[in-house]
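To start, the structure under review is shown below, and the notes come after it.
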Amino acid sequence: MRDVLVVGSGPSGAQAAKEAIARGLTVMLLDVGNDDPATRDTIPRRPFSELRRTDPDQRRYLVGPYDAATLTSVRVGAQLTPPRQFITKDVDELLPFESETFAPLRSLALGGLGAGWGAGCVTFSEAELARAGLPADEMRPCYDAVAADIGISGDASDDTGSTLLRCAPVGDPLPLDTNARALLDTYASRREAARRHGLRMGRAPLAMLGTARTSDGVVREANPLHDMDFYSDATRSVYRPRYTIDELRSHPAFEYRGESLVTGFVERGDSVDVHVRPVRGGDSAPVSARRVILAAGALGTTRIVLASLGQYERRVPLLSNAYVYMPCVNLPMFGRPAADRRHSLSQLIGTLEREAAEDALYLSFYSYRSLLLYKLVKEMPLPPAAGLLAARVLLSSLTVVGVNFPEYPASGKWMSVHRRPDGSAEMRAEYASTGDELRWRRRAVRDTARALRAVRCVPFSAIEPGNGASIHYAGGLAVDGDAADPLSTDAAGRLRQAPNVYVGDSANWRFLPAKGPTLTMMANARRVARHVACSLRPE
């Protein structure tokens, strides 16, 4: 019998599997594993600007099939480019979900949501870890292990790096594009004014390589600055969880089983039977192991646990960072030409202080180009023709600032699992912010706009894409909750009612700071895998 079954190949699942293999365990990873190499691998390896000028086939991968809904939609996931659209394949059919107030982005892809992750890497503070239910002393070495594995570029010495990038090693940051360089220079010259508004800015730490590396035969190149990062993974510069899966496939102690939807588990003494439904036909059959690490994402893991423990119709906490994005004009760049060489991901990050340190807002700054103007025009408060003209005029100075808010549990935010007549599970959710939360966020948006104007980055709109749009999710279970509660886990992530089953993602977190959670999820998955290894082979 194998030692561990890992459920899910996203950032958490991939890192949990790698840590378990490193600890000498035998591992099978269960996954649906949808992918689209046919689209991804046929994109020419040339700069975005060159492809726009010369490639007659560019619509296939830059725009893809489209209709009126595609051109006007602002739904969650509408910004996925054609090579990334496999990320949401089959979710409506295989993971039924009902809600009128919450629209999450869910995935059954190889690499999960990490297949389209923006690669932002920030660490939680000790206070934030404690509030989420994660032990800081165990998390710090795991942050370092993930940083060494995936490769992070950044600047730990700037105004944000000293508090948001407490891990090592960190490589040198990649060059800023012209727009971001101008914005950071303005911040440096107007730092005192920015700080009066509570704003700190610095380079974005990213899971992106500036120097090539090879690990277990998987070659990852330095980012070529082609501005194709939303479309192409040809260089593997930006970390995707499937690279870790590719590394592990050559290890004799690892087995990957795709096209497998996990629907539940049953403990049998010192082992666990995991129920697997083949998604392309065939009979369902259990797979057994001594331990299970659930890493199917906060919603997926919660679904599996609720169904397995018979907790149908029970409402459990749902956490999702509220999110607003603000198209802006960076005044020092207005009318100036921009250099062609750049990457597409977040160039700069910022924090905006609030009353409590853990309530600080988190800002991501993007220079807008390679996502194509029609994606922005449809969200501008102008008629389409006028919006297109405005976007063309403003192109070199366009800056999109994403604003994330901290998230706490509230009675109006919940999810549950409903048992259908055929025995399958349907997830239901409700997301209703309190009046105090809404007023707090409105004040925060106004304060953010004032702070941005202090660095001559002027917002012309604040767009709310809807509940779930941040793609940062947690909750459902409860770390260190009531020991008698079947949905409670201990600090190691072990389900108290099923002690051979561990939660390896954010499904049992109690809090989401405004910061992106992916680096912390990966570090936590390694931490949980270490506990699993100790339970099987005590040191």
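Owing to the predicted nature of the structure, the values given are computational and were not obtained by experimental measurement.
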Inset, instruction - Only counting residues at least two apart or in another chain, list the ones meeting side chain to side chain donor-acceptor pair (under 3.5 Å) with T39. - result: D36
For [X] versus [Y], what's the shortest heavy-atom pair and its separation?
{"X": "R236", "Y": "D246", "value": "NH2-OD2, 3.0 Å"}
{"X": "A296", "Y": "I304", "value": "CB-CD1, 4.2 Å"}
{"X": "G516", "Y": "H472", "value": "CA-CE1, 3.8 Å"}
{"X": "A507", "Y": "V503", "value": "CB-CG1, 4.0 Å"}
{"X": "R140", "Y": "S125", "value": "NH2-C, 3.8 Å"}
{"X": "I293", "Y": "G504", "value": "CG2-CA, 4.0 Å"}

Backbone of [Y] reached by a side-chain donor or acceptor of [X] within 3.5 Å:
{"X": "R494", "Y": "P499", "result": "yes"}
{"X": "S237", "Y": "A222", "result": "no"}
{"X": "S308", "Y": "V305", "result": "no"}
{"X": "E267", "Y": "N500", "result": "yes"}
{"X": "T302", "Y": "L299", "result": "no"}
{"X": "S260", "Y": "L30", "result": "no"}
{"X": "N404", "Y": "K515", "result": "no"}
{"X": "D270", "Y": "R290", "result": "no"}
{"X": "R537", "Y": "G24", "result": "yes"}
{"X": "Y473", "Y": "L105", "result": "yes"}

Do [X] and [Y] have side-chain heavy atoms sitting under 4.5 Å apart?
{"X": "D55", "Y": "R46", "result": "yes"}
{"X": "N467", "Y": "S320", "result": "no"}
{"X": "V417", "Y": "R314", "result": "no"}
{"X": "P11", "Y": "M521", "result": "no"}
{"X": "H226", "Y": "S232", "result": "no"}
{"X": "L95", "Y": "M427", "result": "no"}
{"X": "P175", "Y": "R341", "result": "no"}
{"X": "Q15", "Y": "T244", "result": "yes"}

Inset, instruction - Carefully, step by step, assess E358 and F511 under the rule side chain to side chain contact (heavy atoms under 4.5 Å, CB included). - result: CA-CA 10 Å; E358 57 267 37; F511 167 68; 4.2 Å; yes
When you look at [atom1] of [X], are more than 12 heavy atoms from neighbouring residues, nucleotides or ligands closer to it than 6.0 Å?
{"X": "E126", "atom1": "CD", "result": "no"}
{"X": "D41", "atom1": "CG", "result": "yes"}
{"X": "D137", "atom1": "CG", "result": "yes"}
{"X": "R419", "atom1": "CZ", "result": "no"}

Basic-acidic side-chain contact under 4.0 Å: [X], [Y]:
{"X": "R213", "Y": "D149", "value": "no"}
{"X": "D216", "Y": "K18", "value": "no"}
{"X": "D90", "Y": "R280", "value": "yes"}
{"X": "D158", "Y": "R203", "value": "no"}

Hey, what do you get for [atom1] ([X]) to [atom2] ([Y]), rounding to the nearest 0.5 Å?
{"X": "S107", "Y": "I471", "atom1": "OG", "atom2": "CD1", "result": "10.5 Å"}
{"X": "E50", "Y": "Q58", "atom1": "CD", "atom2": "CD", "result": "11.5 Å"}
{"X": "S153", "Y": "L174", "atom1": "OG", "atom2": "CG", "result": "5.0 Å"}
{"X": "Y312", "Y": "L309", "atom1": "OH", "atom2": "CG", "result": "10.0 Å"}
{"X": "T520", "Y": "Y143", "atom1": "OG1", "atom2": "OH", "result": "2.5 Å"}
{"X": "N223", "Y": "L345", "atom1": "CG", "atom2": "CG", "result": "7.5 Å"}

Legend entry - Residues C121, I150; criterion side chain to side chain contact (heavy atoms under 4.5 Å, CB included); working and verdict: CA-CA 10 Å; C121 289; I150 69 175; 4.1 Å; yes
Inset, instruction - Could you tell me how the ring of F102 sits relative to the ring of Y431: parallel (under 30°), tilted (30 to 60°) or perpendicular (over 60°)? - result: parallel
Inset, instruction - Evaluate the criterion side chain to side chain contact (heavy atoms under 4.5 Å, CB included) for residue pair H531 and E138; output intermediate values, then yes/no. - result: CA-CA 10 Å; H531 280 285; E138 295 182 11; 2.9 Å; yes
Between [X] and [Y], a side-chain donor and acceptor under 3.5 Å:
{"X": "S288", "Y": "R268", "result": "no"}
{"X": "S12", "Y": "D505", "result": "no"}
{"X": "S488", "Y": "R496", "result": "yes"}

Inset, instruction - Not counting sequence neighbours, which residues clear salt bridge (charged side-chain N to carboxylate O under 4.0 Å, His left out) with R220? List them please. - result: none
Legend entry - Partners passing salt bridge (charged side-chain N to carboxylate O under 4.0 Å, His left out) against K413 (at least two apart in sequence or in another chain): E407, E437
Inset, instruction - Applying salt bridge (charged side-chain N to carboxylate O under 4.0 Å, His left out), run through R526 and D144 and close with a yes or a no. - result: CA-CA 11 Å; R526 282 189 172 255; D144 294 344; over 6 Å; no
Inset, instruction - Could you go through the side chain to side chain contact (heavy atoms under 4.5 Å, CB included) check for R315 and M415 one step at a time? - result: CA-CA 5 Å; R315 295 181 177 183; M415 50 186 161; over 6 Å; no
Legend entry - Chi angles and distances behind the salt bridge (charged side-chain N to carboxylate O under 4.0 Å, His left out) call for R23, D3: CA-CA 11 Å; R23 298 276 164 171; D3 294 320; over 6 Å; no
